[in-house]
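In the text below, chain A, chain B and the rest are named by the order of the sequence lines, each starting its count at 1. All values reported here derive from a predicted model rather than from experimental measurement.
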Amino acid sequence: MWQTRREFLKGAAAGTAGLLISSLDLGAFAATMNPAGGWSGSPGQARYRIDGLAKVTGQKIYARDFHPIDLPAWPADYHHALVVRTTFVDHVYNGLALDELPKALRPVKVITADDLTQDRIGIAEEDYPAGDYLLPSGKQPDYLGQAVAILLYDDASAYEGAKAQFLFNGKGIVKGSPAPRRNPSYFTPETSIVHVVDHQGDEKFSQTIAGPVHPVEAGDVNTEALGYVTMVNSTLESGELDVYKHTYKTAVVDPMFMEPESGLAWFDREAKTLRLLIGTQSPGYDINSSLALFAPKECPIQIDDVHLYAAYPGGGFGGRDTSILCLHLVLAAAYSDKPIRISHDRFQQFQSGIKRHSSKIELTVGVTRDDHFVAIRDHSILNGGGRRNVSTYVADVNGVTGPGPYRFPLADIWVRPQHTDSQVAGSMRGFGAYQSTFAIESMMDEIALARGVDPLDLRKTNLLLPHETVVTGAPKAPPGLHEICDGARAHPLWTARDGDQQRLSDGDEAYGVGASICMKNYGSGADAVMAKVRIDGEGQVYVTTNAVDMGQGMATVQALATAKSLGRNADGIETGQTIPFRELKLFGTFSQQPYNPRWTPIVWNSTKATAGVARWVHATEQAARVLLETALLPAARSIWGAAAEHLDMDDVVWSEGRLASGSFDPIPLPILAKELRRQNLAYSAMVHAFYSGRWIEADYTVDGITHRWPIDALAVQRGESGAYELIDRKDPKLFTVESMWEKDGQSFAAAGAITAVKVHRKTGEIRLVQGVHFLAPGTMLQQDLVEGQMDGGWAMGVGHTLFEELPSDAEGAANGSWNLNRYHVALAGDCALHNVEKVIIPPDAEDPSPRGIAELVMNPLAPAIANAVAHATGRRIRSLPITPEKVRAVWKG
Amino acid sequence: MAQIPLSLTINDERFERDSIDGGMWLNDFLREEVNLTGTKFCCGIAVCRVCTVAVARVPGAHLEPVRSCTTDLHEVNGKIITTVEGLAKRGQLHPLQQAFLENFSFQCGYSAPGFLMAAYCLLDRLERSPIPEVALDAAIQEAVGKHICRCTGYVRYHRAIRQVALETPGLVT
């Protein structure tokens, strides 16, 4: 894992100089049509989403909605860019045959690998698909769907006509001689987790003790690890345990976010500035990668600055994190004298978009005679396709969640991200844990059935306690697991399942009930977050963040996060911002620089759905707190006079928008805002914070008073100039690289599900008829948003379990023929819409913190449904999706 | 498709062209020609229904949900179209928009216009032919049950539509 993270850091440490990000101004329309009361409810609560009005009135907020003419100073005239992609990997690519196209469909310009080679175009950051952004003629494609050329068109109808020829008629691409398919290899580092706890309960070996290991490689710690691996396997083969061994598989899945990727780019040569508009989850990475393409000193294309408009993504689910769309936009713009528009249709999106890793998971579990788990061997392969992307991180999460939420004293986990010629796989909701949860939770029921015990009783016996060590050795098991298990065991849908099976099965359909429990980590284990909070002269509050709202509600909860310290929700928020944070002048690098107050491990992360409430909110809260502590409180003391001289933070409260303390007259925020300016106190605070099991903390001296805050960089604004004043941190409690991930950087949350299905005896069709969805989210910042994630995760889980599958070969989505007529996602009628009960576990008294749940919520569905199908049919299906064909193959009704 | 003279009404505004490709999809016309990008594009093959708009043959005629991605201009020529941009009147949101907001019905929001317009057509139908409350869920399912949303799980869309149908006098018997 250490190596994995090192590479992660390396990518994140790329320079930030010369970049500029702006947001789209949504304010104008909102000002003309703001429903009474607006989005904001009482402090800390929303009446509706802060971005809701724009979305419900059809405003231009998605990348697809924009044309160059919509953007300030952009030329109106633009090229439609067609990215041509290979549909084969078993032949050499021998260039384009554009003369096969009717004359009217020929492009005005063609950009190929020759151009990139001639101009020494560089390689983007490592987390992007690296290299050969356009495949050279004469080479065998590295993977299905690899781009070979970008064709520019002046005319939309010519573009559409040419697209149809390439996509549907197979014209234009010259197939050369046959070439043998590549043998799969593996991206490194692979994930190995070895965990050994002795009979006394003492941890003998773990990731937290020994750091990352690779037992198949040389080195002392690896040799030691290999010894423990041998011990785990010897134990499994000793004959002293009941041993269960099964293999589970999951399919390639498309994120299928609703807005096909789209974007605009313009290389403003006069300003040597590249201007972009993209609906992206990773604006920071996009900018750094764009710069990296032209960074080689031999490259004649000089770009001094990148200016990115971060549009609201029409769904993301990970699929817009380091997407190659950005690179193709940038390359097209660099070779064009006009702005570029790339606007995928759904066929192109299926052909080019990032996919979820398919998996093959071999589990072996050893159990004592009294149902206690002793050992697990989890050897898994994830198909990462033709580019590394984030496959090694997905493998890491898959391994960490491989044993599920259970106590295994002995564990040998080995997850190998496979390098194949399939479409590129990458980040997607669930991020490796979706696959592992299906495997381990199916296995739980298989073991229980074989032993004749209740599946939930078996889970209960082996379930981790809060803060018990997980398989890495970190004491991070989440609260809520036992409450979920107990709730499921007592739920009538579960307790009555056998009677219900008798009652509800009939000649046409068999009824069954299944359950699952799971946990998943949230954040990345090394989360960098930034926020700026500003109070204007009228007392209105504005938040700026580099995070993106993909629909998960990030913008709304950020705007609520000012309430605690400022007594009101933010009046506005700018998302997807990076340029303002240049003011912090941070330098991100892997090596610790304890005496450099500008050093931080990572400057920025991509937006992850699970890091919103648990991480980014912290930055906003801290920025607001800085303002309260260093500016508003002193201003209030000043207004209240000498008698208030000794009041501190514990003595003041916000009440109805006014800062109050005892018998002093409460002061409205607008009055305080004016006082800030009168006294030259800070009215704006910008922070960077970094989390890995705890926040970096440090002392900051503002106006002569030293405070200790859990942030690692601070700048404030005061006075009329608006200049930022950097406050150097002192006495920081930093991280060493070794301590960041290997100790307790990960955080987890818990969920579960019970599902009831009916399986048709003849067709094998599965109908979800009822369900219970359990979640332990900690403190909820806005329950509507949490429940919305539960609803959406439920539906996506149903779709993944029953319908969604793409072939990983040439019949798959890279062939350009895939769309929603053959790739089925869950519809309302598939989800038992009116028969799903939500059970939200109250926050743990000792650890009530908000937990990232947006990925987790979908993971329990697949195994719960698989277990229900097994209950209904008496047959186990170990691969996803569970299609009627698979049911019919094993069950005769 | 041949060039045709075009005359249609969109959101109470008249749009006329002397000559335009009659085979142009309505979705392209809305988004690319007249800058009404509130109507979304997703699958382009009439499956997901995010591109739904409301179409009336003549003023006062009943509203039909139409998938604009596969409906050409020839088909809608002379008709009256309402898109998501036309739902709010005089600065007041339509009750469906208000209910979608207050129920946190959407997340990324990309599917919301299609749900809104299909539900708008449903309300029009119920206004003309009220149904018993017990039949309401089925009517909602019929109206929006084939719409695809990847974020929400549909729950809060259905809840908001039901709420508006029940709160609007005369729709449910």
Side-chain angles (χ1 to χ4, degrees), chain A residues 32-33 35 39 47-49 51-62 64-67 156-157 255-260 312-317 345-347 549-553 782 784-785 787-796 819-821 825-829 831 833-834 836, chain B residues 21 24 28 31-32 35-48 50 69 83-88 91-94 96-114 116 137 140-141 144-159:
Chain A
T32 65
M33 190 175 294
W39 73 274
R47 292 178 58 237
Y48 52 86
R49 306 174 60 101
D51 50 4
L53 188 65
K55 290 177 173 177
V56 85
T57 51
Q59 299 311 295
K60 279 182 191 285
I61 58 169
Y62 307 100
R64 191 175 200 89
D65 297 340
F66 288 89
H67 295 76
S157 62
M256 235 311 291
F257 42 75
M258 298 303 289
E259 179 204 15
Y312 271 78
F317 314 115
D345 65 19
R346 181 58 59 185
F347 294 103
D549 195 325
M550 302 165 292
Q552 80 276 35
Q782 178 82 29
D784 303 278
L785 295 173
E787 291 190 7
Q789 290 303 311
M790 295 178 77
D791 295 332
W794 186 271
M796 189 178 277
N819 203 325
L820 291 171
N821 58 326
V825 302
L827 299 174
C831 300
L833 204 61
H834 303 294
V836 179
Chain B
D21 177 3
M24 178 184 287
D28 288 338
R31 294 181 59 83
E32 307 294 326
N35 203 25
L36 289 170
T37 54
T39 300
K40 300 308 178 196
F41 174 91
C42 171
C43 72
I45 56 170
V47 174
C48 73
V50 304
C69 74
T83 71
V84 65
E85 291 98 333
L87 280 183
Q92 290 297 309
L93 293 180
H94 188 277
L96 283 166
Q97 291 171 307
Q98 191 72 35
F100 276 30
L101 283 176
E102 291 172 357
N103 282 277
F104 290 73
S105 294
F106 51 86
Q107 293 177 24
C108 86
Y110 202 75
S111 298
L116 279 168
D137 284 340
I140 293 169
Q141 172 66 17
V144 298
K146 290 180 180 172
H147 284 239
I148 290 177
C149 170
R150 192 62 155 166
C151 292
T152 65
Y154 310 102
V155 175
R156 287 165 176 257
Y157 277 130
H158 285 238
R159 184 185 301 172

Q.
Nearest 0.5 angstrom please: A/L820 CG to B/I148 CD1, how far?
A.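 Those atoms lie 4.5 Å apart.
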
Least distance between heavy atoms, [X] atom then [Y] atom:
X	Y	result
B/G145	A/L827	O-CB, 3.8 Å
A/D784	B/R156	OD1-NH1, 3.4 Å
B/F106	A/R49	O-CD, 3.5 Å
A/A54	A/I61	CB-CG2, 4.0 Å
B/C42	B/Y110	CB-CE2, 4.4 Å

(Q) Among B/Q141, B/K40, B/K146, which residue has the highest count of heavy-atom pairs closer than 4.5 Å to chain A? (A)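 Counting heavy-atom pairs under 4.5 Å, the top option is B/K40.
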
Q. With respect to chain A, which residue among B/G153, B/A112, B/C149, B/C108 yields the maximal number of heavy-atom pairs within a distance under 4.5 Å?
A. B/C108

Q: Using a cut-off of under 4.5 Å on heavy-atom pairs, state which of A/H67, A/E259, A/M256, A/E787 scores highest against chain B.
A: A/E259

Q. For chain B, which of A/G314, A/P313, A/G551 has the most heavy-atom pairs under 4.5 Å?
A.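 Highest number of pairs under 4.5 Å: A/G551.
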
Q) Which region of A/A156, side chain (C-beta onward) or backbone (N, CA, C, O), has a non-hydrogen atom less than 4.5 Å from a non-hydrogen atom of chain B, or is it both or neither? A) neither

**Q.** Non-neighbouring partners of B/N35 that pass side chain to side chain donor-acceptor pair (under 3.5 Å), sequence neighbours left out
**A.** A/K60

Q: Apply side chain to side chain donor-acceptor pair (under 3.5 Å) to A/R346 and list each qualifying residue two or more places apart in sequence or on a separate chain.
A: none

Name the region of [X], side chain, backbone, both or neither, that has any atom closer than 4.5 Å to a heavy atom of chain A.
X	result
B/H147	backbone
B/V50	side chain
B/T152	backbone
B/D28	neither
B/V47	side chain
B/F104	side chain

